[in-house]
Amino acid sequence: MKSIIFSILSIYVFILMGYIAKRSFKEQIDDKTITLLNVYFLQVFLTFWGLLLHPIDITLFYAPAIYLVIVLLVLLLSALFASKLFNKKKEYSIAIVAALIGNTGNLGIPLNIAIFGEASIPYTTIINLMNVFVVYTIGVYFYSRGNFDVKTSLKNIVKLPILWAAMLAIFLSLWGYRPSKNIMNMLMMGAYASMTMQLFLFGIYLYGTKIREINKKLITWVITFKFIILPLAAFSLLYFIELDPMIKGVLFIELLMPLAVANVNLASLYECEPKIVTALVFISSVLFLGVIFFAVDLLEVLH
């Protein structure tokens with residue numbers, strides 16, 4: 001249990017530093033510049049490093065395929081009912097997609113290692129890869145729709161270099177390319193800078209965010225989908241599938257991850273209420289500290 005708690009709390013150090021930095025220097029810190037530097041430059045390094053760190057085994061794609069099916073089912077369910085509850089375009093976009101973009105990488109991978117051991121790494125890595133595509137296709141589209149039309153939102157998906165970097169990295173890995181130690185060190189520097197900057201950005205947006213001013217209906221909707229609807233859909237499907245218990249557990253835990261900081265990146269990039277999204281990420285992260293222990297007990301039922 002100590003390793004689980006440490007895995008969760010260790011990343012919050014950089015969030016706190018971002019909060020303190022914004023509180024100390026106020027408008028001297030330009031959050032939009034940080035977003036652009038991270039999304040268009042540093043995350044390209046993170047993508048290459050993450051996908052080339054271990055060879056991609058095509059036989060592992062069954063797990064992320066199940067992950068994608070569950071995400072798409074919940075997305076469809078969310079889209080059907082959100083339009084009846086949220087009239088504002090930006091709130092509607094957030095309601096549909098925020099809960100689906102979980103922290104499968106920075107938190108999901110170390111947490112699964114703490115629960116299942118290093119045997120989980122190939123599965124968490126490939127599931128995180130699928131989440132990358134969810135973030136930069138579905139996520140980009142719906143956060144863009146908060147401000148843009150359908151055509152522009154689709155163009156925004158193509159414009160982001162991360163998606164192209166991911167496809168190139170997958171091709172290189174399947175082709176058998178193994179980068180040298182020097183290249184991996186360079187990619188690792190950029191990757192860790194990207195992860196740190198994401199956490200800093202979260203802390204920066206957290207400063208000045210007033211949860212009391214956010215639509216309570218939106219908070220209830222996103223948190224309900226994140227910690228009730230999505231896990232329930234995952235549990236219901238996984239319970240009836242013949243699959244290794246560890247893989248079932250990894251899938252369940254990854255789908256339960258709190259909202260990723262990538263939500264803040266995209267909301268900031270497309271000006272889709274980043275303060276509101278920051279508050280939702282914060283609330284889900286706090287609640288997750290209690291939810292995870294209940295979820296670990298449920299893993300026994302999936303076996």
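Pairs passing the ring-ring contact (aromatic ring centres under 6.0 Å, His included) check and including a residue from residues 64-89, sequence neighbours excluded, read F86-W221. Residues in residues 223-252 take part in no side chain to side chain donor-acceptor pair (under 3.5 Å) pair, two or more places apart or across chains. A side chain to side chain donor-acceptor pair (under 3.5 Å) check over residues 266-281, counting only residues at least two apart or in different chains, returns the pairs T35-S268, Y205-S268.
Legend: residues meeting side chain to side chain donor-acceptor pair (under 3.5 Å) with D149, ordered by chain and number and at least two apart, are T152. For F227, the ring pair (Phe, Tyr, Trp, His ring centres under 6.0 Å) criterion is met by no residue, not counting sequence neighbours. Residues satisfying the ring pair (Phe, Tyr, Trp, His ring centres under 6.0 Å) test with Y136, not counting sequence neighbours, are none. For the side chain to side chain donor-acceptor pair (under 3.5 Å) test, residues two or more places apart in sequence or in another chain that qualify with S144 are N156. Contacts of Y141 classified as ring pair (Phe, Tyr, Trp, His ring centres under 6.0 Å), with partners at least two apart in sequence or in another chain: none. By the side chain to side chain donor-acceptor pair (under 3.5 Å) test, N87 pairs with no residue at all, sequence neighbours left out. When the side chain to side chain donor-acceptor pair (under 3.5 Å) test is applied to T33, the partners found at least two apart in sequence or on another chain are D30.
A 6.0 Å sphere centred on CZ of F41 holds no more than 12 heavy atoms belonging to other residues, nucleotides or ligands. Within 6.0 Å of the NZ atom in K88, the count of heavy atoms belonging to other residues, nucleotides or ligands does not exceed 12.
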side-chain hydrogen bond (donor to acceptor under 3.5 Å, both in side chains) assessment of N131 paired with T104: CA-CA 7 Å; N131 191 52; T104 58; 3.0 Å; yes

Counting only pairs under 3.5 Å, give me each side-chain donor-acceptor contact of residues 191-204, with atom names and distances, residues two or more places apart or in other chains.
residue: S194; atom: OG; partner: N38; partner atom: OD1; Å: 2.9
residue: T196; atom: OG1; partner: Y192; partner atom: O; Å: 2.8
residue: Q198; atom: OE1; partner: N265; partner atom: ND2; Å: 3.3

Identify each donor-acceptor pair in which a side-chain atom of residues 91-100 lies under 3.5 Å from a protein atom, sequence neighbours left out, and give them as a table.
residue: E91; atom: OE1; partner: N215; partner atom: ND2; Å: 3.2
residue: S93; atom: OG; partner: K89; partner atom: O; Å: 3.3
residue: S93; atom: OG; partner: F142; partner atom: O; Å: 2.9
residue: S93; atom: OG; partner: G146; partner atom: N; Å: 3.4

